[in-house]
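Take a look at the structure below.
Every chain is numbered from 1, with letters handed out A, B, ... down the list of sequences. Keep in mind the model is a prediction, meaning the values are calculated, not measured.
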Amino acid sequence: MSENDKLKKRAAEILKRLEKEYPAAKCHLEFRNPFELLVSTILSAQCTDARVNMIMTPLYENKYKSPDDILADGLENFRENIKSCNFFNNKAKSVLAICNILKKDYNGKVPDSLEELTKLPGIGRKSANVILGNCFGKKDVIIVDTHFKRVTGRLGLTDNDEPEKIEADLKKLIPPAKQYVFSHVIGDHGRYVCGARKPKCGVCVLNDVCPSDSLKK
DNA sequence: CTCCCGATAT
DNA sequence: ATATCAGGAG
């Protein structure tokens, strides 16, 4: 068996166990349509989903129902509303710029291709893949966020540090139809067990297939 | 590579 | 006190 086949087999075993562990794994951001997820995804950078939801869910219901609503409210007001998220200045500018682009080029709708999404200011590959997977039903998306990078690295599924290379590495290991699910169960595992500071190796269902012995003590 | 630049857990 | 939170742009 080749080295890549061994890795593939281990990735399949990891996916199997995590699917059992997190049967309801999904996006933790609250949204009712692609526009809401687009905005919340920008705000979620270096900030917890719980905080984004706390701020934005009431605003979507009462105030920001469309790009026009955010544009009408203006940059200053929007920035004040999202102040408790991180990087509020850049995020507010990105959101307002995107609202203008959606209005001008997309008839107010969110585009559904990686190329178009990543052209939008504040939307990189991670955010684009979140939208494609959660709003447009795309299954062959590997979503590389900070959790994904940490957990797949510890599991020895990639040697790379660069998000785009990690994405490519895992696309070779996980079948296309399973990539969306894999992204979410890895995310949940990173959040609940394989945390950045004190990974709970004692209760980890992947303990025996994880090569990161230094973490286990 | 740096900057962005708030809230929370440890 | 500090590392980290579902990153992206210049």
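Distances were taken from every side-chain heavy atom of Lys126(A) (C-beta onward) to each of dC5(C), dG7(C), dG6(B); the shortest belongs to dG7(C). Closest to the side chain of Phe87(A), from the set dA7(B), dG7(C), dC5(C), is dG7(C).
Of the residues in residues 41-57 of chain A, those with a non-hydrogen atom less than 4.0 angstrom from any atom of DNA chain C are Ser44(A), Ala45(A), Gln46(A), Cys47(A), Thr48(A), Asp49(A). Of the residues in residues 141-158 of chain A, those with a non-hydrogen atom less than 4.0 angstrom from any atom of DNA chain C are Ile143(A), Asp145(A), Thr146(A), His147(A), Arg150(A).
The separation between Lys198(A) atom NZ and dC5(C) atom P is 15 Å, rounded to whole Å. Between the NZ atom of Lys83(A) and the P atom of dC5(B) there is a distance of 9 Å, rounded to whole Å.
Comparing the P positions of dC5(B) and dG10(C) gives an interatomic distance of 14 Å, to the nearest angstrom. With both ends at atom P, the span from dT2(B) to dA6(C) equals 24 Å, rounded to whole Å.
Residue-level contact check: Ile186(A) touches neither bases nor backbone, having no heavy atom under 4.0 Å from any strand. Note on Gly187(A): nothing from the nucleic acid sits closer than 4.0 angstrom, heavy atoms only.
For the pair Ser127(A) and dG8(C), the criterion of a side-chain N or O lying under 4.0 Å from OP1 or OP2 is met.
Between His28(A) and Tyr192(A), the ring planes lie perpendicular to each other; the angle is over 60°, past the 30° to 60° tilted range.
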